[in-house]
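From a predicted model like this one, the values you see are computed outputs, not experimental measurements.
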Amino acid sequence: MNTTLWVVAGLLAIGYLGGGLAMLLLSKERFRAIGAGQHYVDSFDAGFIKALGVVKILAAAGLVLPAVLDIAPVLVPLAALGLVLLMTGAATVRIMRREWRIVPADLFFLALAAFVAWGRFSLAPFGG
């Protein structure tokens with residue numbers, strides 16, 4: 001289980017790091033042009049998109065760095081819980097915008113983050 005949790009957390013971290021960097025480094029218009037899945041940015045101003053990018057980068061770091069550095073590894077499941085909240089918001093925005101085809105992807109990432117949180121809190125916690 002430990003290996004599975006590491007793999008899922010690592011894949012989530014890579015994905016959120018990439019998405020966060022794109023949000024932070026690209027203009028809102030260039031980010032929106034990536035694809036139909038990015039059209040949600042129309043509902044937010046550019047500053048919010050940049051802030052969301054920072055949150056995603058911090059979450060990506062929180063999924064792996066505390067455990068790798070063995071500094072407060074309890075932050076790993078807390079970062080995963082933060083992603084559960086983030087993806088709950090993302091799915092809500094998709095529903096409000098009637099972007100039904102994208103909602104399952106948001107729910108999938110929510111489920112992966114919830115799995116990491118549950119796994120690191122109870123199935124295979126660090127240091128225990």
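- For the pair A117 and A80, the tightest heavy-atom approach, listed with the atom from each and the gap, is N-CB, 3.6 Å.
- Sorted by first then second residue, the ring-ring contact (aromatic ring centres under 6.0 Å, His included) pairs that include residues 88-122, not counting sequence neighbours, number zero.
- For the atom pair CG of L83 and OG1 of T88, the computed distance is 10.5 Å after rounding to the nearest 0.5 Å.
- Between N2 and R120 the shortest side-chain heavy-atom distance falls below 4.5 Å.
- Atoms CE and CZ, on M87 and R94 in that order, are 7.5 Å from each other to the nearest 0.5 Å.
- Considering only heavy atoms from C-beta on, L52 stays 4.5 Å or farther from L24 through its side chain.
- Between Y40 and F44, the two ring planes are perpendicular [angle over 60°; tilted spans 30° to 60°].
- Between L26 and I34, some side-chain heavy-atom pair lies under the 4.5 Å cut-off.
- Here K56 contributes atom NZ and L17 contributes atom CG; the two are 11.5 Å apart, rounded to the nearest 0.5 Å.
- In this structure R32 satisfies the salt bridge (Lys or Arg N to Asp or Glu O under 4.0 Å) test together with D42, sequence neighbours excluded.
- Grouping the Ile, Leu, Val, Met, Phe, Trp and Tyr side chains by contacts below 4.5 angstrom, directly or via other members, places I102 apart from L86.
- Hydrophobic clustering, defined by side-chain heavy atoms of Ile, Leu, Val, Met, Phe, Trp and Tyr closer than 4.5 Å, groups V7 together with L11.
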